[in-house]
Protein chains: 2
Amino acid sequence: MTDIDPGQTTERKRGSGVKLVYDLLRDEILDLKLEPGSAIDEVQLANRFGMSRTPIREALVRLAGEGLIETLPNRSTMVSNIDFLGMPAYFDALVLMYRVTTRLAAQYHRAEDLKIIRVHQTEFSAAVAAQDALEMIATNAAFHSAIAAAGRNAYYFGFFDRLLGEGRRMLRLYYQSYDDRLPQRFVEEHEEIIAAIEARDIAAADRLGKAHGEQIVEQIGRLLTRNDRLDLEL
Amino acid sequence: MTDIDPGQTTERKRGSGVKLVYDLLRDEILDLKLEPGSAIDEVQLANRFGMSRTPIREALVRLAGEGLIETLPNRSTMVSNIDFLGMPAYFDALVLMYRVTTRLAAQYHRAEDLKIIRVHQTEFSAAVAAQDALEMIATNAAFHSAIAAAGRNAYYFGFFDRLLGEGRRMLRLYYQSYDDRLPQRFVEEHEEIIAAIEARDIAAADRLGKAHGEQIVEQIGRLLTRNDRLDLEL
DNA sequence: TTCATTTCCGTTGTCGACAAAAAAAATACA
DNA sequence: TGTATTTTTTTTGTCGACAACGGAAATGAA
């Protein structure tokens, strides 16, 4: 709520303002620092970032394009609510994209792709060891995003990245209340996936991607049901 | 290039300007009335629509979000080029979405969905009979979009619609130079797909969706190779 | 008090203007 | 004549201001 730029007016490069606001707001939304349903005020943001409403507005339009905020005409714009009814559909799409991207990575990856994938896997492994749930979510997403990039299909990549963004919000919602220790199993499955990709074993990559996705869905399903039980008993 | 509103200033409802510009520009881009790579001038559009640059700009930001235009910082914004190198990736994604959406429609459709699907099929059939290539493209997309809607997965639906939009541009590019008579076979395949959906035969829907998609890809492939031959011989 | 009407207020949508950036044109220099 | 440098032009990015819209508060009638 405080100004980003108190005191003197910092010079900003022309055109950088929109990206600044967009990136920060996007992160705040996906990290649930901005609660779903909460209102977004343009003038407030303008003061906070020390700029006019125009670039703020452009950033908001972009976020609305990704469905991260909803804008009632002539009325307040607000952070989109998480669509719980749509979760089955979401997981269906997510698992399919896990499969497809992993399979394509096995088919079309190059040597340099594997290096990048391994870097992300190392970071994910460290996050699991540190039991840092938030970091796990981020590094896991980066890991699979790298795999999708290795598959060399821009359409799948774009779609998958959008799904992972949405998922970041859902996962964070649950992991912040229940800091469950995420199974070491995910790390091992990642290793298997890397091996299948490297061996260019398409069938194995497909199978592992599917299993890995369903594994995650199942994990979240457990969290959800436990959540329900708690709600009923209190 | 002429003003939309010559003479007197027509009253527009507050907030409707952006949608107006967005819809029209989107259509012009997808219908190839605006050539890929051609420059887009904001002031020119402002004059044409009789409004300020601000709403124009917002429409452009949205179009950029969908990848229909590209905006060089501080420099001209232009209609995105069609990515020919990415066509295999595109068709791969398209066929997959044909499969998935048809399959889900068989699984989750309701009675009212079939009515809508049939309406689009009737329109498509009429377009084929009239040998109106442009109308075929539009009605075919609407037909499959309706099937995707019946599948009740907002994520697939959104992704598929975006793919169909892109495809509209590619298809139009070829059908406008070679007004090939599109096979009656597509109409029949559509009928088979409808029957499979109505019978809730998931396996058949999956198979038909895949075959239908591959059929279209193959058709385009033929057009492309013929195009290449011509280029070489001239 | 309760409900309908009016007034006020906060927020968005749109506008015209100006400054910055980059290309294009013009000039200077060899 | 060809190249480097300056100037002009064109187009974008940002700003402050104002009107319109919708809700909230205030007012009035029963």
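This structure is a prediction, so every number in the text was calculated from the model and none was measured.
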B:Arg62 to B:Tyr22, cation-pi by 6.0 Å centre distance and 45° axis angle | yes
Take the protein atom CD1 of B:Ile56 and the nucleotide atom C1' of D:dT11, then report the distance between them rounded to whole Å.
-> 15 Å
Would you kindly give the CG-to-C1' distance between B:Asn47 and D:dT10, to the nearest whole Å?
-> 14 Å
D:dT12 P sits how many Å from A:Glu58 CD, rounded?
-> 12 Å
Measure the distance from CD on B:Glu70 to P on D:dT12 and round it to the nearest whole Å.
-> 15 Å
Reckon B:Glu42 touches a base, only the sugar-phosphate, or nothing at all at heavy-atom distances under 4.0 Å?
-> sugar-phosphate
Euclidean distance, atom CE of residue B:Met78 to atom P of C:dA23 [Å, nearest integer] | 14 Å
From D:dT12, C:dT14, C:dC15, nucleotide with atom closest to B:Met51 side chain | C:dC15
Any idea which of D:dT11, C:dA21, D:dG22 is nearest the A:Asn74 side chain?
-> D:dG22
Mind calculating the distance between CG (A:Leu60) and C1' (C:dT11) to the nearest angstrom?
-> 13 Å
Starting at atom CD1 of A:Ile69, determine the distance to atom P of C:dT11, rounded to an integer number of angstrom.
-> 16 Å
Answer yes or no: does atom CD of B:Glu35 have more than 12 heavy-atom neighbours from other residues, nucleotides or ligands under 6.0 Å?
-> no
Validation row: A:His120, A:Ile116 side chains within 4.5 angstrom (heavy atoms) | yes
In terms of the nearest nucleotide of DNA chain D, which residue is placed more toward the 5' end: B:Val43 or A:Thr54?
-> B:Val43
Hey, does B:Arg152 have a side-chain heavy atom less than 4.5 Å from the side chain of B:Asp113?
-> yes
Quick one: B:Asp41 CG to D:dT12 P, roughly how many Å, whole number?
-> 5 Å
For B:Ile40, which contact category applies under a 4.0 Å heavy-atom criterion: base, sugar-phosphate, or nothing?
-> sugar-phosphate
Select one nucleotide: of C:dA23, C:dA21, D:dC15, the one nearest the side-chain heavy atoms of B:Arg75.
-> C:dA23
A:Phe143 and A:Phe124 aromatic centres sub-6.0 Å | no
Whichever of B:Arg14 and B:Pro73 has the more 5' nearest nucleotide on DNA chain C, that residue is B:Arg14
From the candidates D:dT14, C:dT14, D:dA20, the one with an atom nearest any side-chain atom of B:Arg53 is D:dT14
5′-ward residue of the pair A:Ser52/B:Ser76 relative to DNA chain D = B:Ser76
